[in-house]
**Q** 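Below are the C-alpha cells for one structure; questions will follow.
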Amino acid sequence: MHPFRTLKFAAAAAALVAGQAAHAAQDIVDTAVAAGQFTTLVTAVKAAGLVDTLKGPGPFTVFAPTDAAFAKLPPGTVDGLLKDPAKLRSVLTYHVVAGRVMAKDVRTGDVKTVQGQNVALKAEGGGVRINDATVVKADVVATNGVIHAIDTVILPK
C-alpha cells in the first residue's frame, strides 16, 4: 500500500475512534441531543427542570419517547404539559428507572420508576416493551446510564 494512503487511512481510523470516544463520553442529556430524534423530549426535560438531574451521576435507565412518539399524542397535549412543569416532571420521571439496565438484562415484571409508580416491563422475542410502548432502539449508552428509544409516550395513572 502506498505510504500516503496508509497515513490517510490511519488518520481516518484515528478520527473515527476519537469521534466514538467523544460520543461515548456524553451524559444522558447530551447523548439525547446528539441522537437527533429526541428534540421534544429534550425541550420537555429543560421545561421540567430535569437537566441537572439527568446530567448527574445516576446511573439512570431512560425509556425515551422519540419525536414521533410525542407526535402521536392528542393535539395540544405537549403544549399543555410544557405549561405545567409539575405534571411534566411526573410524566418524564415515569420514563426513568434507577440503575443502568441494558436490554439483554430486562426481565418481565413490574419495576418502580423514579416518579414512584410502577411500569410493566416485558422481554419478548428479543425485544422489550414498557407498558404499551415498544423499544425501537435499545442500549444507547451514556456516561451516567442508558437510553432506550420508545415509540409511545407512557403516562402515569
**Q** Residues in salt bridge (charged side-chain N to carboxylate O under 4.0 Å, His left out) with Lys72, at least two apart?
**A**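 Lys72 satisfies salt bridge (charged side-chain N to carboxylate O under 4.0 Å, His left out) with no residue once adjacent residues are dropped.
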**Q** Calculate, to the nearest 0.5 Å, the distance between atoms OG1 and CZ belonging to Thr134 and Arg129 respectively.
**A**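 Reported value, rounded in 0.5 Å steps: 3.5 Å.
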**Q** Look only at the side chain of Gln115 and the backbone of Pro156, and say whether a donor-acceptor pair between them is shorter than 3.5 Å.
**A**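 Not confirmed, Gln115 side chain does not pair with Pro156 backbone.
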**Q** Less than 4.5 Å apart, side chain to side chain, heavy atoms only: is that true for Asp27 and Leu54?
**A**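 Heavy-atom side-chain distance check fails, nothing below 4.5 Å.
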**Q** Would you mind reporting whether Leu121 and Phe63 have side-chain heavy atoms less than 4.5 Å apart?
**A**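 With C-beta onward as the side chain, the pair touches.
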**Q** Are Val78 and Leu88 in one and the same hydrophobic cluster, where Ile, Leu, Val, Met, Phe, Trp and Tyr link if side-chain heavy atoms are under 4.5 Å apart?
**A**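 Yes, because Val78 and Leu88 connect within a single hydrophobic cluster, where side-chain heavy atoms sit under 4.5 Å apart.
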**Q** Drop me the distance from Leu81's CG to Phe70's CZ, to the nearest 0.5 angstrom.
**A**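 Between Leu81 CG and Phe70 CZ, I get 8.0 Å after rounding to 0.5 Å.
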**Q** What distance do Gln117 atom CD and Asp110 atom CG have between them, rounded to the nearest 0.5 Å?
**A**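 These two atoms lie 11.5 Å from each other.
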**Q** Run the numbers on Leu155 and Val91 for side-chain contact (heavy atoms from CB on, under 4.5 Å), then give the verdict.
**A** CA-CA 6 Å; Leu155 300 171; Val91 169; 4.0 Å; yes
**Q** To the nearest 0.5 Å, tell me how far Asp132 CG sits from Thr152 OG1.
**A**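 Output value for this atom pair is 7.5 Å.
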**Q** Quick one, His148 and Val62 - any side-chain contact, counting heavy atoms below 4.5 Å?
**A**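 No, side chains not in contact.
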**Q** For a quick test of reading the model, state the closest non-hydrogen atom pair linking Ala123 to Val106 and the distance between them.
**A**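 In terms of heavy atoms, the two residues are closest at CB-O, 3.5 Å.
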**Q** Mind listing the closest non-hydrogen atom pair of Asn118 and Tyr94 along with its distance?
**A**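 Answer, listing the atom of Asn118 first, then Tyr94: O-OH, 3.4 Å.
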**Q** With sequence neighbours excluded, what pairs up with Thr113 under the side chain to side chain donor-acceptor pair (under 3.5 Å) test?
**A**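 Result, side chain to side chain donor-acceptor pair (under 3.5 Å) vs Thr113: none returned.
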**Q** Are more than 12 heavy atoms, taken from residues, nucleotides or ligands other than Asp52, located less than 6.0 Å from that residue's CG atom?
**A**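 Counting other residues, nucleotides and ligands, CG of Asp52 stays at 12 neighbours or fewer.
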**Q** Evaluate the side-chain proximity of Val141 to Met102: yes if any heavy-atom separation is below 4.5 Å, no if none is.
**A**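 Met102 reaches Val141 side chain to side chain.
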**Q** In this structure, would Val128 and Ile147 fall into the same cluster of hydrophobic residues linked by side-chain contacts under 4.5 Å?
**A**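 Per the 4.5 Å side-chain linkage, Val128 and Ile147 are not co-clustered.
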**Q** Do you reckon Val140 sits in the same ILVMFWY cluster as Ile150, going by side-chain contacts under 4.5 Å, direct or chained?
**A**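 Val140 does not cluster with Ile150.
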**Q** Kindly say whether Ala142 contributes a backbone atom to a donor-acceptor pair with the side chain of Thr31 at under 3.5 angstrom?
**A**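 Not confirmed, Thr31 side chain does not pair with Ala142 backbone.
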**Q** Are Ile130 and Val97 linked, directly or through intermediate hydrophobic residues, by side-chain heavy-atom contacts shorter than 4.5 Å (ILVMFWY only)?
**A**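 As far as the 4.5 Å side-chain criterion goes, Ile130 and Val97 are connected within one cluster.
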**Q** Can you run down the side-chain hydrogen bond (donor to acceptor under 3.5 Å, both in side chains) pairs that involve residues 96-109, sequence neighbours left out, and say none if there aren't any?
**A**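 The answer is none; no pair qualifies.
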**Q** Locate the shortest heavy-atom distance separating Ala103 from Ala138; write the atom from each residue and the value.
**A**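 Closest heavy-atom pair between Ala103 and Ala138: CB-CB, 3.7 Å.
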**Q** Mind checking what makes salt bridge (charged side-chain N to carboxylate O under 4.0 Å, His left out) contact with Asp84, not counting sequence neighbours?
**A**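 Salt bridge (charged side-chain N to carboxylate O under 4.0 Å, His left out) list for Asp84, sorted by chain: empty.
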**Q** His95: which residues meet the ring-ring contact (aromatic ring centres under 6.0 Å, His included) condition with it, sequence neighbours left out?
**A**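 Not a single residue meets the ring-ring contact (aromatic ring centres under 6.0 Å, His included) criterion with His95.
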**Q** I'd like to know if the side chain of Asn144 and the backbone of Phe60 have a donor-acceptor N/O pair within less than 3.5 Å.
**A**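 No, Asn144 side chain to Phe60 backbone: no donor-acceptor pair under 3.5 Å.
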**Q** Can you list, pair by pair, the side-chain donor-acceptor contacts under 3.5 Å of residues 36-46, counting residues two or more places apart and other chains?
**A**
from  : atom 1 : to    : atom 2 : distance (Å)
Thr39 : OG1    : Asp67 : OD1    : 3.2
Thr39 : OG1    : Asp67 : OD2    : 2.8
Thr40 : OG1    : Asp67 : OD1    : 3.3
Thr43 : OG1    : Thr39 : O      : 3.0

**Q** State whether the number of non-hydrogen atoms from other residues, nucleotides or ligands found under 6.0 Å of Lys55 atom NZ is greater than 12.
**A**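 It does: Lys55 NZ has more than 12 such atoms within range.
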**Q** Quick one: do Val101 and Ile28 end up in the same hydrophobic cluster if we chain Ile, Leu, Val, Met, Phe, Trp and Tyr together by side-chain heavy atoms under 4.5 Å apart?
**A**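 They do not share one cluster, since no chain of ILVMFWY contacts under 4.5 Å joins Val101 to Ile28.
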